[in-house]
Each structure stands twice: as structure tokens, then as C-alpha cells.
There are 4 protein chains.
Amino acid sequence: MRHEKVDIIFQAAVQVFAERGFDQAKMDEIAQVAGVAKGTIYYHFKSKEDLFSALMNEGIENLIDYAKRNITLYSRPIEQLNALIHAHIQFFIENKKLAKLLLAEAFGTKERQRQFRRQIHEYILLIKRILDEGVRAGEFSMIHPHEMASSLFGAASIVVLHKIYSFEGRERKVDLKATVMVETIRELVFNGILKKE
Amino acid sequence: MRHEKVDIIFQAAVQVFAERGFDQAKMDEIAQVAGVAKGTIYYHFKSKEDLFSALMNEGIENLIDYAKRNITLYSRPIEQLNALIHAHIQFFIENKKLAKLLLAEAFGTKERQRQFRRQIHEYILLIKRILDEGVRAGEFSMIHPHEMASSLFGAASIVVLHKIYSFEGRERKVDLKATVMVETIRELVFNGILKKE
Amino acid sequence: MRHEKVDIIFQAAVQVFAERGFDQAKMDEIAQVAGVAKGTIYYHFKSKEDLFSALMNEGIENLIDYAKRNITLYSRPIEQLNALIHAHIQFFIENKKLAKLLLAEAFGTKERQRQFRRQIHEYILLIKRILDEGVRAGEFSMIHPHEMASSLFGAASIVVLHKIYSFEGRERKVDLKATVMVETIRELVFNGILKKE
Amino acid sequence: MRHEKVDIIFQAAVQVFAERGFDQAKMDEIAQVAGVAKGTIYYHFKSKEDLFSALMNEGIENLIDYAKRNITLYSRPIEQLNALIHAHIQFFIENKKLAKLLLAEAFGTKERQRQFRRQIHEYILLIKRILDEGVRAGEFSMIHPHEMASSLFGAASIVVLHKIYSFEGRERKVDLKATVMVETIRELVFNGILKKE
DNA sequence: CATGAATGAGAATTCATTCAT
DNA sequence: AATGAATGAATTCTCATTCAT
């Protein structure tokens, strides 16, 4: 069981980082939101970078775990990909703040950002493995599996992000539903958009 | 004709902002790269935000113009979408720095970021209009055109970004080719990945 | 008998203070080196200042005691001064860390530093008393005994310090020998440097 | 001609550093004493260390220059040493603050402190060269010229420092006279303290 | 006696912006 | 038009000290 204060700080940090981005997030605000003294954060985390990295690592790991857990329920690649699409979108909806951070902070040349990309790359490889397996099993067909994997990641991620932001600022907190987006990605992936007669 | 110095500053600013991101970019460095005094930047631009916004607006407008120019060469939606996919990927490859900024700075709650998203939204609507037209013309078929449009935007954007970063740090400057990525997105969009017997 | 923990803390404190100086020494490091919890130090010492003062007081007292012990073995002032020179240099060599602290922390306007200077002054008076006695006994001759005493203190202290630092950083721990330095100070004090024909 | 503000900052820095020592000196106070904004100091100096080093380098160089200027007025080693003793003491009296800093900050393992010691070492070599020359010319006689040189440096430095501090805190600003101290060091160096019949 | 998590008052440093020249 | 020295508000991080267990 992690120390109680660490959890409180984590919660506050996710919120503030997601609201402001890494650079605009102030340790003062995180401390205030967490209801602890600033020094307490530094007692548990070496630096702002350290806190942020811990946060993101845990977030991406959760995403990967969640995806894996859903994939392993099925054996056929087509079902696995189906499950992954749903898991991905569901996770982004349930972790809107992390989703924002993931895309907003994945670019740049800082070591921490390289580390995120390494983890995201790992996730994309997870997708690619399903695609490869599907090709081997004669279920899928594609010219460039690796590019296809990152395209899927992009499609499923941006469709949620775009929706999150288009609903932002609305008075009533809208309860984002996965259905429409899951349908769209599945249709795209399994069918394409060309009309079949 | 824009003032000569303004162009020099623009060039320097794109480079520095792309390398560092908005917050980590220093006006000092931009001035140094541009070879002008810091005061000169402030003579031409009200503030850092102002410079950055001018930059991004121009960038996104260029993207939209480029896409439109390519689309209007064709009349059938399927050809138009084909052209857009190529234009999008080609533009991102030729404007790597802008591409990074586009995704890295599109998220956040600052007014400037809202402005970017508005422009990106406009671009996505451009895609959606092609999709709608295709549906109307009986060429395309899809349940949620708007979500499909943002998915396409995401797929085509992230596949390039992911490739840019995976080649980063390599010894030899790799000359990114559009072909593989264009093929992938077209295959995804027009065919899906299911094997047809 | 002093409490065991107090001794452990003392040892650690000498080391850390000597390595870093008062301001740069961290209570955390002292605790770590001592292998006790930080709170334990505060259980035994009121404050960092308190710990440091206790340390230095004991150190200077040891120096004075050691000098006195050596002096009282002799009755003639010339022999006593001889003994003091050797004792001083020997003590500094054997207590390099204290020697550094003594000179580095003797200056400044803090109360603790005034206290050190008072003790050093006492030590210099010890020297002066030997000189006065020598003059009275017709063995020594000098115009300003007090200034001569502090000069001797300076000569004997700096010659050792300078040697300690010139050997610092060397690969092999050099075993500093007192002989050369004792010879030098005795020659200076009893003979001066002018060549006698 | 150095920039005016730099000089003002230098003056303020000497004062504050001498009063408080490196670690206790606050950039805030230096800025306030100098009557400039804190940022102005950082516009001219990279860091607190940088400012301090610039200060000390200049100080030690002044000492060395002053000594050299006085030495070169004479040709015989005995006269040169005579001149150096007077110059050293005179300089320390006229630059009390620098004198304090010199001894208080010469010890420690920081790079800056190593740099000071390197410069002080150079000064001691200046003394040694006079001693060597004197030996060669048949005027001086000593077993260990290098140790003798650092002993002289110590004697002449500490006698002044000790006097400075013994007068500190007095109501009336005492005007320290060099005579007594110069006499003492000369007597020590040229004669020793043994009574000649 | 001993502990170590928590604190919060500072301190160094940064950097967008201004403005006199 | 252009400059660059000067500014000071803002921010990260440090660390001696406290205190509940």
C-alpha cells in the first residue's frame, strides 16, 4: 500500500498537469490542491519532472495493462482488435486528463518525453502484434503493419480527444459515450468507407 | 511584401518553438537565431504569444490552403479524399516542425490553444464535407461522418509524427518518404484491413 | 561517559562539516553518515549551530590541552616554545579536518565565530606568555610580543594547511610528516633567514 | 572602461560577501546595497559563484600586482622581501574585507575555492622566488624555502587578520597602522626571536 | 530514547517585457 | 526602425526544525 500522502499528491498532480500542461503547472498549485505543504511533494518526489514522469509512467502502464487484460479474453485476432479498440476508447474517456497529457506531452526532445514515446511505442507494438497475428491467421491483410498500427493508435486517440475538446466549456458536464466512436473506428478498420454494393 | 526582418524572425521562431515548445522557447534564443536584438522582435510583435499565434495561424492556413488546392483538382469525392490524404502527409513531412507544434500545442485551455483547435476543427470539417459528398454521391458509406473525419485526421497525423520521432536521433538525416504512409492510410480508409477472399 | 550515540554523531559531524563547511553541511548528510535518524541529532543537540559549536569547542580545547601538556614538560621558555611548535604542527596534521574548520570558520560576524576567536585568542595568549617569560628570562628579545605570538600562530597554522591542500587530490594518501614543517618554523623563529657569516 | 553598473555591483558584492561570507550572502542584499534590481546582477554575472569568483580573482590579482610593483623597486633580495612584507600588510589593512574573504573562503573543495588556492599558491611562489634568489646571492639561508614561503604568508596574513578582528566591535573606527605589524614580521624573518648577546 | 514524515520560510535563478537611446 | 541593458514578478527547489508515534 503506497503512502497515503503520495496518493493525494498524485491525484492533485494529474489534475493540475492536465489542466495546465507540464510547464504551466505550478508546484504551488499542486500542493494547494493536494492540501499539503510544498515541501511534502519534494519529500516524496525529487523534482517536478520526477513527479510528472511517475504520473505518466503509471498512466501509460495502466493503459497497456487495461488493453492487455481485454485482449487476452479473446483468441482470434479480429476479436482481440475489437476488444482493443473498445478498451482504448473506454480508457481515454475514463481518463480524459491523462489522455490530454499523453498527446500533449509526447512530443519534444526532453528525456522524459523520449521515455513516454518509448512507452507509447510499446503500446503500438502491442497493436502491431495483433495485426501480424491476424495476417498470419489469414484474417487480416495489409501492406505495412507497423504504419497501420500507429495509424490505428492515432485514429482512436484523436477521435476521443477531439470529442473531449468539442464538449469542453459546455455548461452541463456531458457524459461521453464510447459507442459512437467505437463504431466509427471499427467500421474504418474492418470495412473502410467505400460503399459495397 | 512583408518586412524583411519579420520573415527572418518568423523563420527563427518556427525553429525554436518547434525545438522547445512554447513555454521552453526563449525570446533570447529566437533573437539570437534570427540575428536580431530582442527589442526588434517586440517592435514587430506585441508579445511571445502574439508571435507564436501569428506563426501557427499561418502554418495551419498553409495546411488548409495546400489541402484545398489539391482537392479542387478533382471532382469525385473518392479522388478528392485520395488527394487530401496525400496532401496531408506530404505537408506534414515537409513541415515537420509545424507538425510537431500542431499536435503538441493543440491541447490546453489557453485562449491561443482554443484558437488553434478552432482552425483544426475547420480543417476536419473540410474532410467531413468530402465524406458527406461521397455519401451523397453513393461512393462512401459510414455511420458517423464527423467522427470518421477526425479519425482520419488522427490516423494521417499520428502516422507521420510517429515516424518522424522514430527516425529522430539517427546519424544520417533520413529523407522521409510519403509513399508507405500514404499507402497505409488509403488502404485503411478505402479497404479496411479485413482480408477479402 | 558520554552517550554512545552522541559520539557517533560527533564523528559524522566532524567529517561532514570539514568536507562542506558549516553552511553547506546538511543535517541529512550528518544523520546518514552517522547512521541515525535526523530526529536523533535534534534529540541530543538543540540545533545545527549547537552541534557545530560543541564540536569546535571540543576541538580547540583539545588543541590547547595538547599544547599545554607538551609545554609543561619543560621549564625553559626556549624549550617550551620548541615543544609548542611541534605540538601545534603535530596536532594540525593529526586533525586535518578540524584544522581546516578552525581557519575557515574563525572569520565572520556570527556569535559562534566570535566564540571561536575568543578561544583562539586564548591559545595565542598561551604563546604570548611563553614569549613574555622568555624575554623576562633574557632568552628572547622582541619589540611586540603580542603581534609576534599571532604571527607564530599564523606561520605554523598556514604552513600545515597549505601543505594539506597541496597534497589533496593526489592518488595515494600521502602520510604528512611533521619534520620539515617543524624545522622550518623553528628555523624561522629561532634564527630568522639571514645568513650568518 | 568597465560598465558603470558592473562596478556598482562589484562594490556592493565585496561589502556583502565580506560581511556574511559566501553562503550567507544573499543576492537580494547585494542588489539592494547596489541599488539595482536583482535581475541586473544576473544580466552581468552568470551566477552568485560567478560574481564571487570575478571578485576574488580581481582581488588576488590586485594583491599580486601590488606586491610585484613594490618588489621591482629593489634589486637586492633582502630589500625585496622587506618591500613585500610591507606591501602585504599594507594591502591587507587597506582591503580588510578582501583579506577576510581570502582566508575564510580559501578552504573547501569547491572548484572556486581550488581556483583561489591556485592563485594564492602563485603568490606564495612569488615569495619563494625571492627567498631562492636570496639564498643564491648568499644573503639568505634556509633549509626548506617552499615551507618558509608559506610560513611567511601565514605569519603576515594572520597577524593582520587577528588585529582586524580584535579591533572589531569597538565604538570608534580604529585606524589600523601597519608599523607595528611590519616591524614584527621583519624582526621575525630577519632576526628570529633569540636574544643575541 | 529514537524516528522520519511533514513543514514552510527562504534563496537562487529565469525571462518576458520595457524603454531610453 | 532597431537596440540591448535593466527590470522584478514568478518559480523551483532546499533544508533546518518540529512533532506525533
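Just so it is clear: chains get the letters A, B, ... in the order the sequence lines come, proteins before strands, and each one is counted from 1.
Side-chain contact, B/Gln115 with B/Arg112: no donor N or O sits under 3.5 Å from an acceptor N or O.
Taking only side-chain atoms of C/Ala37, from C-beta outward, the nucleotide of E/dT3, E/dG8, E/dT13 with the closest atom is E/dT3. For D/Tyr42, the side-chain atoms get nearest to E/dT13 when compared with the rest of F/dT12, F/dA16, E/dT13. The side chain of A/Thr40 lies closest to E/dT7 when the candidates are F/dA6, E/dT7, F/dA16. For C/Ser47, the listed nucleotide lying nearest its side chain is F/dT17; candidates were F/dA2, F/dT17, E/dT13. Considering only the side chain of B/Lys38, E/dT17 comes nearest among E/dA6, E/dT17, F/dA2. For A/Val36, whose side chain is taken as the heavy atoms from C-beta onward, the closest listed nucleotide among F/dT17, E/dT7, F/dC13 is E/dT7. Listed candidates were F/dA16, E/dA16, E/dA2. Nearest to the side chain of C/Tyr43 is E/dA2.
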| Please walk me through it: do C/Glu29 and C/Arg20 pass salt bridge (Lys or Arg N to Asp or Glu O under 4.0 Å)? | CA-CA 10 Å; C/Glu29 192 181 354; C/Arg20 310 244 184 270; 2.9 Å; yes

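Taking 4.0 angstrom as the limit, D/Lys26 places none of its side-chain polar atoms (N or O) nearer than this to OP1 or OP2 of E/dG10. Look at C/His44 and you won't find any side-chain N or O under 4.0 angstrom from OP1 or OP2 of E/dC1.
Heavy atoms of C/Ala25 sit under 4.0 angstrom from primed sugar atoms or phosphate atoms, though from no base atom.
Nucleotide F/dA2 holds its P atom 17 Å from the CD1 atom of B/Ile30, rounded to whole Å. For D/Asp23 and F/dC15, the CG to C1' distance is 13 Å, given to the nearest whole Å. Protein atom CD of D/Glu49 is 17 Å distant from nucleotide atom P of E/dA11, rounded to whole Å. Atom CZ of A/Phe45 and atom P of E/dA6 are 11 Å apart (whole Å). At whole-Å resolution of the value, NZ in B/Lys5 and P in F/dA2 are 5 Å apart. Regarding D/Gln32, its CD atom lies at a distance of 16 Å from the C1' atom of F/dT7, rounded to whole Å. Nucleotide F/dA10 holds its C1' atom 14 Å from the NZ atom of B/Lys48, rounded to whole Å. Atom CD in C/Glu29 sits roughly 14 Å away from atom P in F/dT14 (whole-Å rounding).
Remark: side-chain polar atoms of A/Ser53 are paired, donor with acceptor, to backbone N or O of A/Glu49 under 3.5 angstrom.
Checking each of C/Phe22, C/Tyr123, C/Phe52 against C/Phe116 for a ring-ring contact (aromatic ring centres under 6.0 Å, His included) leaves exactly one that passes, namely C/Phe52.
The pair C/Arg118-C/Glu111 meets the salt-bridge criterion, since a charged nitrogen lies less than 4.0 angstrom from a carboxylate oxygen.
Look at F/dT18: its Watson-Crick or wobble partner, with both distances under 3.5 angstrom, is E/dA5.
Mapping A/Asp28 and C/Gly39 onto DNA chain F via the closest heavy atom, the residue that lands nearer the 5' end is A/Asp28. Mapping B/Lys46 and C/Ile41 onto DNA chain E by nearest heavy atom places C/Ile41 closer to the 5' end of the strand.
Between B/Met56 and B/Leu102 there is a side-chain heavy-atom pair separated by less than 4.5 Å.
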